[in-house]
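Order of appearance sets the numbers: ligands from 1, and atoms from 1 within every ligand.
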Amino acid sequence: MSQTVEVKVPDIGDFKDVPIIELHVAEGDRIKVDSPLITLETAKAAMEVPSPFAGIVKSVAVKVGNAVSEGSLILMLEAEADAKPQAEPPAEAKPQAASAAPVAEPPKQAAAKIEAPKAVETEVRSFFGTHASPSVRRFARELGADLARVRGSGPKGRILKEDVQSFIKAALSSGVSAPAAPQIPAVDFSKFGPVEEKPLSRIQKLSGANLSRNWAAIPHVTQHDEIDITELEAFRKSMLEEAQKQGVRLTLPAFLMKACAVALKQFPTFNASLSGDTLILKQYCHIGMAVDTPDGLVVPVVRDADTKSVFQLASELGQLSARAREGKLSFADMQGGCFSISSLGGIGGSYFTPIINAPEVAILGVSKAVMKPVFKDGNFVPRLMLPLSLSYDHRVIDGAMGAKFIVHLGTLLSDIRRLAL
Ligand code: CAO
């Protein structure tokens with residue numbers, strides 16, 4: 001047997017005439033105990049009023065914008081006979097079978113849920129101060145949208161459900177994956193053995209956020225190749241003394257940068273950035289070089305690398321990496337790059353998958369060159385082989401273009417006379 005009951009605003013503390021910012025139910029809806037009915041917005045926070053009973057909504061007495069206080073009628077509910085509120089309501093508030101429309105005050109437990117501004121505030125803080133109602137937060141959570149990135153169009157900048165929908169649509173159409181990465185659960189490692197806590201450095205925190213974003217937002221492809229740099233290395237060694245006289249430490253990265261600058265001219269889509277559906281092709285050629293510092297990775301940029309000689313590039317790289325290690329790089333030193341190189345060749349290892357330094361669309365990873373037997377002109381001959389790993393943004397560069405670029409780079413590095421052409 002069902003009975004019609006009045007559902008009213010429960011005890012909401014000292015708040016009076018609180019505006020309704022969301023209405024979650026309509027006439028005819030079947031609702032459960034604790035289903036959200038309305039969201040109220042106080043000066044401090046938004047809070048949801050849950051249903052104390054299960055049943056079918058007969059009529060709704062309020063609209064968005066109405067101001068309500070404790071005891072205001074929200075709706076008439078045909079409560080399910082066997083539907084028990086979450087907690088026993090106070091005796092005087094129980095639905096009365098004899099009465100046509102008995103007053104059903106929400107049970108104390110349900111009221112406690114919305115009375116607790118502390119819980120609401122905790123939720124607000126966890127979203128870094130974004131202004132949104134609990135139902136919008138829940139909606140955003142379900143879709144994996146990061147509310148901190150959603151612009152609110154409601155009163156006082158409040159984020160509405162429509163704002164979350166628009167954010168997801170925009171992210172999907174721009175190809176950027178909006179859903180936040182699933183959180184890795186926190187583990188108490190001290191349960192398994194002794195541990196020491198070491199906070200990440202400022203650079204690690206900054207670059208970590210950028211790396212995660214770039215890794216998640218860009219469809220990466222990494223193309224590997226092995227380049228014969230025997231002659232290049234012989235030439236480099238032959239020039240070391242002359243370089244030293246000019247105060248320059250002539251290492252492989254300077255040649256790599258020169259070759260990349262020449263290849264970028266040949267393949268302009270690698271010297272570009274994606275802006276929505278438009279490719280911005282750059283008429284300048286600034287190349288970043290990843291530098292390992294005691295505080296973490298930084299990428300200073302060499303301006304107009306295409307206009308500079310190998311000696312000039314070596315000199316500038318030496319100065320930039322020294323300043324990077326002393327923590328003396330300015331923000332401007334790390335801005336405006338068109339393409340990046342990450343050279344791990346001085347350390348070792350063969351092949352890796354570098355992460356694109358957005359808004360750039362490609363990055364060259366360089367590993368350690370080693371002598372290998374190479375089959376050439378009918379014989380195995382010892383050659384110095386350099387492993388290269390080119391990561392590119394597959395939205396901008398297709399596989400054929402990626403392969404052509406790395407092959408061209410190989411041609412330039414195998415015969416550096418071509419750099420002069
Ligand atoms: N293969 C073989 N030898 C190489 C090489 C390679 N690919 N690259 C460099 N070398 C040699 C150099 O020629 C140099 O040899 P000599 O001492 O005989 O002249 C030696 O290795 C030392 O190199 P280096 O690393 O000290 O200096 P560098 O100019 O080659 O590199 C820099 C400069 C800034 C790229 C490097 O110091 C650095 O920081 N690399 C790390 C970058 C990094 O962390 N990338 C990862 C990013 S993703 O997390």
Checklist line | atom 16 (P) of ligand 1: nearest protein contact (heavy atom, Å) | finding: R236 NH2, 4.4 Å
Check: How close do P253 and S343 get, heavy atom to heavy atom, and via which atoms?
Finding: CG-OG, 4.2 Å
Margin query: Starting from atom 17 (O) of ligand 1, what is the nearest protein heavy atom, named by residue and atom, and what distance separates them?
Written below: R249 NH2, 3.8 Å
Margin query: What I want to check is whether the side chains of T230 and D228 have a donor and an acceptor closer together than 3.5 Å.
Written below: yes
Checklist line | Whether over 12 other heavy atoms sit under 6.0 Å from K404 NZ | finding: no
Next item on the list: For the pair E226 and K372, find out whether any cationic side-chain nitrogen is under 4.0 Å from an anionic carboxylate oxygen.
Entry: yes
Check: What part of V366, side chain, backbone, both or neither, has a heavy atom within less than 4.0 angstrom of ligand 1?
Finding: side chain
Notebook entry, point to check: Given the rule in the side chain to side chain contact (heavy atoms under 4.5 Å, CB included) test, do V291 and R325 qualify, once you have shown the distances and angles that lead to the verdict?
Noted result: CA-CA 8 Å; V291 179; R325 291 192 176 111; 3.8 Å; yes
Check: Applying a 4.0 Å heavy-atom criterion (strictly less than), which segment of L317 is in contact with ligand 1: side chain, backbone, both, or neither?
Finding: neither
Next item on the list: Starting from atom 40 (N) of ligand 1, locate the nearest protein heavy atom and write down its residue, its atom name and how far away it is, to 0.1 Å.
Entry: S343 O, 3.0 Å
Notebook entry, point to check: Of all the non-hydrogen atoms in the protein, which one sits nearest to atom 31 (O) of ligand 1, and at what distance?
Noted result: P253 CG, 3.6 Å
Margin query: Looking at R383 and E231, is there a salt bridge between them, counting it only when a charged N and a carboxylate O are closer than 4.0 Å?
Written below: yes
Check: For D292 and ligand 1, does the shortest N/O to N/O distance drop below 3.5 Å?
Finding: yes
Next item on the list: Could you tell me whether K245 and E242 have a side-chain N and a carboxylate O separated by less than 4.0 Å?
Entry: no
Next item on the list: Check if S367 has a non-hydrogen atom at a distance under 4.0 Å from any atom of ligand 1.
Entry: yes
Notebook entry, point to check: What residue and atom, counting heavy atoms only, is the protein's closest point to atom 1 (N) of ligand 1, and at what distance?
Noted result: A369 N, 2.8 Å
Notebook entry, point to check: Among all protein non-hydrogen atoms, which one is nearest to atom 21 (O) of ligand 1, and what is the separation to 0.1 Å?
Noted result: G346 CA, 3.4 Å
Next item on the list: For atom 37 (O) of ligand 1, find the nearest protein heavy atom and state the residue, atom name and distance (0.1 Å precision).
Entry: R325 NH2, 2.7 Å
Notebook entry, point to check: What's the shortest heavy-atom distance between V298 and A324, and which atoms?
Noted result: CG2-CB, 3.7 Å
Note to self: Tell me whether S391 contacts the main-chain N or O of H220 through its side chain, where contact means a donor paired with an acceptor under 3.5 Å.
What the structure shows: no
Notebook entry, point to check: Can you tell me the protein heavy atom closest to atom 43 (C) of ligand 1 and the distance?
Noted result: L344 CD2, 3.5 Å
Check: Backbone N or O of S153 within a donor-acceptor pair of the D163 side chain at under 3.5 Å?
Finding: yes
Check: Atoms of ligand 1 less than 4.0 Å from L252 heavy atoms?
Finding: 5 (C), 6 (C), 7 (N), 13 (O)
Margin query: Distance under 4.0 Å to a non-hydrogen atom of L386: what atoms of ligand 1 satisfy this?
Written below: 7 (N)
Margin query: I'd like to check whether S342 has a polar contact with ligand 1, where a contact means an N/O of the residue lying under 3.5 Å from an N/O of the ligand.
Written below: yes
